[in-house]
Amino acid sequence: MNLRNFLDQSFSNALVAAGAPEGTPGMVRPSAKANFGDYQSNGVMPVAKKLGMNPREFAQKVIERVELDGIVEKLEVAGPGFINITLTSDWVAKQLSDFDSRCGVDTQSSQTIVVDYSAPNVAKEMHVGHLRSTIIGDAVVRVLEFLGHNVVRCNHIGDWGTQFGMLIAHLEELMKENPEILESELSDLEEFYRESKQKYDSDEDFALRARGYVVKLQGGDQWCNDMWRKLVDVTMEQNQKTYDRLNVTLTRENTMGESMYNDMLPAVVSELKEKGLAEESEGATVVFLDEFKNKDGDRMGVIIQKKDGGFLYTTTDIACAKYRHEQLNADRVLYFIDSRQAQHLQQAWTIIRKAKIIPETMSLEHHAFGMMLGNDGRPFKTRTGGVVKLADLLNESQERAAALIEEKSSDLTAEQKQAVIDAVSIGAVKYADLSKNRTTDYIFEWDNMLSFEGNTAPYLQYAYTRVASVFRKAEVSLEDYQADVEIKEAAERTLALKLMQFSEVVDTVAKDGTPHALCTYLYELSGNFMSFYEACPINKEGVEGDVRTSRLALSKLVAQTLKTGLDLLGIKVVDRM
RNA sequence: GGGGGUGUAGCUCAGCUGGAUAGAGCAACGGCCUUCUAAGCCGUAGGUCGCGGGUUCGACUCCUGCCACCCUCGCCA
């Protein structure tokens with residue numbers, strides 16, 4: 001159950017019973033300080049003011065009417081009209097004793113939710129700039145599926161555009177020299193792209209041929225399409241290796257690139273014309289929007305078809321949303337895309353809404369993020385001025401993890417070590433990105449990204465291994481352990497309450513698309529467990545009976561919640577490290 | 001010029017429809033391993049929340065005016 005929502009509803013009811021208007025929110029949230037109880041309701045003060053009543057007196061009336069018998073131990077009016085809520089330990093213990101493998105998280109009424117993420121470009125290698133969309137998108141996908149939603153992963157890859165002319169022309173030349181090029185030398189896509197560009201810029205004949213291929217490709221020419229398909233395939237084959245290594249759930253079936261909507265574009269343009277939204281302007285087809293202004297202060301024109309007949313990506317995005325409505329039947333679409341595209345998306349969505357291309361109830365949500373900067377505050381580059389490849393970052397992380405494990409975990413077998421290295425190195429990189437909520441540019445720093453101490457994935461993984469270790473020492477099965485929870489010590493109570501709150505944070509992540517909230521939660525849970533571990537021994541002299549079994553039960557719940565939570569983030573746990 | 005975003009500890013970041021004394025990690029300093037894994041625990045220090053007004057019981061949060069930086073604004077995506 002979502003405890004916070006439950007309490008909020010109880011206080012909302014009590015506020016209404018005490019004379020507040022229907023629907024007055026309880027404004028319940030975890031207390032700011034330990035001596036303010038477990039939760040606090042802030043709903044009294046705003047409403048008492050409106051009603052012209054003394055807030056403290058009104059708070060007292062609310063307390064008298066709230067129905068939380070057996071759940072709440074103490075309700076106190078504090079300060080200007082806060083209500084501090086202290087739960088009974090027995091009730092909390094009972095709830096935890098009844099937890100199943102879902103760690104207290106209920107499923108929600110199922111929606112169809114499209115998540116648009118990753119979106120690498122064809123004929124380019126994935127670099128650190130792709131990390132954020134890929135990792136955050138995948139975490140949100142996992143959370144939504146855990147809650148029972150029907151999630152459609154959409155990898156909106158950059159597989160269309162004029163650049164394919166030069167890429168095809170270059171590939172043609174390379175294949176003349178070596179027909180097996182696709183299996184061998186094309187392993188370095190960055191170089192392939194660079195060479196293509198260089199030839200295009202320096203060789204007239206090549207450029208002419210390239211432009212011709214663009215026309216032929218768009219016209220449906222078989223050979224050009226085959227060449228194009230090869231480029232897409234070889235790129236996605238390489239990207240799949242990165243996805244697998246990152247423990248990202250995307251597969252080839254989720255690839256729905258820009259080209260997929262090509263056939264829909266002419267109809268989208270005619271539809272917008274018919275509805276009176278689009279008009280001819282200087283040879284192009286344009287939608288003028290009052291909602292946006294251009295440099296001259298006039299309403300902004302968004303081109304949906306160029307004067308040469310070509311379509312632009314606003315048109316593609318409109319078609320894409322239409323597709324997601326008509327073919328996928330989406331209730332929500334979450335876009336994990338660079339913040340630089342915010343205005344483009346807004347324009348496309350404004351047109352979509354005006355033309356009523358999708359139902360009003362279908363929500364389009366842009367979860368933006370900024371560029372990756374170096375610690376000098378400038379766009380992040382390597383020493384030679386290139387982008388940092390994702391594979392290189394992961395390799396570096398792997399090396400650092402290997403060195404650390406060699407030093408700290410010498411008693412593990414080679415296989416165990418490798419498992420730890422994989423879990424820790426990938427986890428650290430992912431967590432570093434997942435735990436931030438930047439909507440704008442953010443700083444990439446090797447040492448922060450690859451740190452294994454403090455608020456990092458290895459810390460959470462380490463907490464998990466400590467639980468596993470406790471169970472090994474106790475010689476009982478962690479998986480099957482079942483015992484009632486009893487709360488006596490302060491550290492037990494803090495930990496128990498935190499365990500109760502997993503459901504709240506999972507709901508938040510689903511609603512807002514913000515996995516960093518889950519990171520914060522898991523870090524706090526681990527911290528609470530570490531303190532509990534220090535204060536409340538389990539496998540020691542004099543610890544027996546219900547005290548011991550309850551502590552084991554709490555520990556088991558910690559392990560289960562950590563494992564589940566980390567899995568939602570796409571991070572693996574290990575039993576030893 | 002229009003629109004959007006950002007500005008919180010030395011550094012990287014949290015701060016949940018306005019709530020109580022603004023929180024973490026890293027870095028710094030001081031304790032804790034013959035006792036369930038020290039990738040840990042406990043503690044100290046560190047702040048004019050960019051600057052000035054305003055709204056109110058209460059502002060990092062809302063309004064307004066500045067400052068700084070970033071993104072974006074008809075035929076790339």
Side-chain angles (χ1 to χ4, degrees), chain A residues 4 25 27 29-33 36 40 42 45-46 49 55 78-82 84 121 158 160-163 258 281-288 291-298 300-308 310 312-314 316-317 338-344 346-347 368 370-371 373 375 377 404-405 408-409 424 432 435-443 445 447-449 451-456 458-459 461-463 465-474 504-505 508 512 514 516-517 519-520 523-524 527 530-531 533-535 537-541 543 555 576-577:
Chain A
R4 179 178 170 175
M27 295 181 71
R29 61 205 52 192
S31 290
K33 299 267 174 190
F36 295 152
Q40 63 184 64
N42 302 335
M45 290 168 286
K49 183 168 179 64
F82 300 103
N84 291 337
N121 293 309
W160 205 247
T162 50
Q163 74 275 23
E258 293 162 1
S281 169
E282 294 171 39
T285 307
V286 182
V287 178
F288 287 98
E291 291 83 352
F292 301 87
K293 297 267 187 289
N294 65 20
K295 286 172 185 166
D296 303 322
D298 299 325
M300 185 182 283
V302 179
I303 295 179
I304 55 171
Q305 188 167 16
K306 297 191 284 185
K307 63 182 166 198
D308 70 2
L312 295 164
Y313 107 124
T314 304
T316 302
D317 274 346
D338 194 330
S339 63
R340 282 175 295 188
Q341 300 195 27
Q343 194 178 61
H344 290 287
Q346 289 303 327
Q347 288 168 349
M371 286 188 303
L373 305 178
N375 53 16
L404 187 73
I405 282 147
K408 291 193 186 264
S409 314
V424 162
S435 60
K436 289 183 177 65
N437 191 36
R438 308 290 296 171
T439 55
T440 54
D441 300 347
Y442 54 106
I443 311 282
E445 285 194 316
D447 288 340
N448 287 357
M449 199 70 158
S451 167
F452 305 132
E453 290 174 0
N455 187 3
T456 63
Y459 177 87
Q461 291 165 323
Y462 181 67
T465 64
R466 276 191 149 180
V467 179
S469 170
V470 165
F471 276 80
R472 275 197 301 275
K473 186 104 178 173
E504 297 172 14
V505 74
T508 300
D512 300 333
T514 52
H516 84 286
C519 293
T520 302
Y523 179 64
E524 288 169 357
M530 294 289 193
S531 301
Y533 179 90
E534 302 280 338
I538 297 167
N539 297 310
K540 289 192 179 176
E541 199 85 13
V543 184
S555 301
R576 305 164 196 262
M577 60 190 275

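The shown structure was predicted, so the numbers you read here are calculated from the model rather than taken from an experiment. Every chain is numbered from 1, with letters handed out A, B, ... down the list of sequences.
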Please give, in whole Å, the distance from [N] [atom2] to [X] [atom1]?
| X | N | atom1 | atom2 | value |
| --- | --- | --- | --- | --- |
| A/Met530 | B/A38 | CE | C1' | 10 Å |
| A/Phe471 | B/U37 | CZ | P | 13 Å |
| A/Met449 | B/C13 | CE | P | 11 Å |
| A/Asn42 | B/A59 | CG | P | 15 Å |
| A/Glu524 | B/G25 | CD | P | 11 Å |
| A/Glu291 | B/G2 | CD | P | 19 Å |
| A/Phe452 | B/G40 | CZ | P | 12 Å |

Base orientation of B/C33, chi within 90° of 0 counted as syn, else anti, reads syn

Glycosidic conformation of B/G23, syn or anti, with 90° from 0 as the boundary?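 With its glycosidic angle more than 90° from zero, B/G23 counts as anti.
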
Could you tell me whether a side-chain N or O of [X] sits under 3.5 Å from a main-chain N or O of [Y], the two making a donor and an acceptor?
| X | Y | value |
| --- | --- | --- |
| A/Ser31 | A/Phe36 | yes |
| A/Asp308 | A/Gly310 | yes |
| A/Asp441 | A/Met371 | yes |

Output a table of nitrogen or oxygen pairs between the protein and nucleotides 42-46 of chain B separated by less than 3.5 Å.
from	atom 1	to	atom 2	distance (Å)
B/C42	OP1	A/Ser531	OG	3.1

Rounded P spacing from B/C62 to B/G18 in Å: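 Their P atoms lie roughly 8 Å apart.
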
Integer angstrom distance from the C1' of B/U6 to that of B/C32: 42 Å

Mind checking [X] for me? I need base, sugar-phosphate or nothing, with any heavy atom below 4.0 Å counting as a touch.
| X | answer |
| --- | --- |
| A/Asp317 | nothing |
| A/Ala78 | base |
| A/Leu373 | nothing |
| A/Arg438 | sugar-phosphate |
| A/Pro55 | nothing |
| A/Ile538 | base |
| A/Asp338 | nothing |
| A/Phe82 | base |
| A/Ile304 | nothing |

Applying side-chain contact (heavy atoms from CB on, under 4.5 Å), can you list everything that pairs with [X], at least two apart in sequence or on another chain?
| X | value |
| --- | --- |
| A/Asn121 | A/Lys124 |
| A/Ile443 | A/Leu373, A/Asn375, A/Glu445 |
| A/Ser281 | A/Val286, A/Phe288 |
| A/Pro80 | A/Met45, A/Phe82 |

Return the set of residues passing salt bridge (Lys or Arg N to Asp or Glu O under 4.0 Å) with [X] (not counting sequence neighbours), or none when no residue passes.
| X | answer |
| --- | --- |
| A/Glu534 | none |
| A/Arg340 | A/Asp338 |
| A/Asp296 | none |
| A/Glu291 | A/Lys354 |

Heavy-atom side-chain proximity of A/Ile303 to A/Thr285 below 4.5 angstrom: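 Of all side-chain heavy-atom pairs linking A/Thr285 with A/Ile303, none is under 4.5 Å.
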
Near-parallel close stack of A/Phe36 and B/A20 base (under 5.5 Å, under 30°): yes

Measure from the ring centre of A/Tyr462 to the centre of the six-membered ring in the base of B/G40, then say whether that distance is under 5.5 Å and the planes meet at under 30°. no

Return the orientation label for the A/Tyr313 and A/His344 ring planes: parallel under 30°, perpendicular over 60°, tilted otherwise.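 A/Tyr313 vs A/His344 ring planes: perpendicular.
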
Could you go over nucleotides 70-77 of chain B and give all protein N or O partners under 3.5 Å, atom names and distances?
from	atom 1	to	atom 2	distance (Å)
B/C70	O2'	A/Asp441	OD2	2.9
B/U72	O2'	A/Gln343	OE1	2.6
B/C73	O4'	A/Gln343	OE1	3.3
B/C75	O2	A/Lys307	N	3.0
B/C75	N4	A/Glu282	O	3.1
B/C76	OP2	A/Lys306	NZ	3.4
B/A77	OP2	A/Tyr313	N	3.4
B/A77	O3'	A/Glu258	OE1	3.2
B/A77	O3'	A/Glu258	OE2	2.7
B/A77	N6	A/His344	ND1	3.4
B/A77	N6	A/His344	NE2	2.1
B/A77	N1	A/His344	NE2	3.2

Check: protein-nucleotides 26-35 of chain B nitrogen or oxygen pairs below 3.5 Å:
from	atom 1	to	atom 2	distance (Å)
B/U35	O2	A/Lys540	NZ	3.3

Minimum heavy-atom distance between A/Tyr459 and A/Gly527, given as atom pair plus value: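 Result for this residue pair: OH-CA, 3.3 Å.
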
In terms of heavy-atom contacts, A/Arg472 and A/Arg576 come closest through CD-NH2, 3.4 Å

A/Asn84 or A/Val424: which one's nearest nucleotide on RNA chain B is closer to the 5' end? A/Asn84

What's the closest nucleotide to the side chain of A/Asn437 if the choices are B/A39, B/G15, B/C57?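 In terms of side-chain proximity for A/Asn437, the closest of B/A39, B/G15, B/C57 is B/G15.
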
Which nucleotide in the set B/G15, B/A39, B/C36 lies at the smallest distance from any side-chain heavy atom of A/Val470? B/C36

According to a 3.5 Å limit on both distances, what stems of 3 or more consecutive Watson-Crick or G-U pairs are formed with RNA chain B? B:1-7 with B:67-73, B:10-13 with B:23-26, B:28-32 with B:40-44, B:50-54 with B:62-66

Counting just side-chain N and O atoms, does A/Arg466 come under 4.0 Å of either OP1 or OP2 of B/C36?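 Answer is no, no contact under 4.0 Å.
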
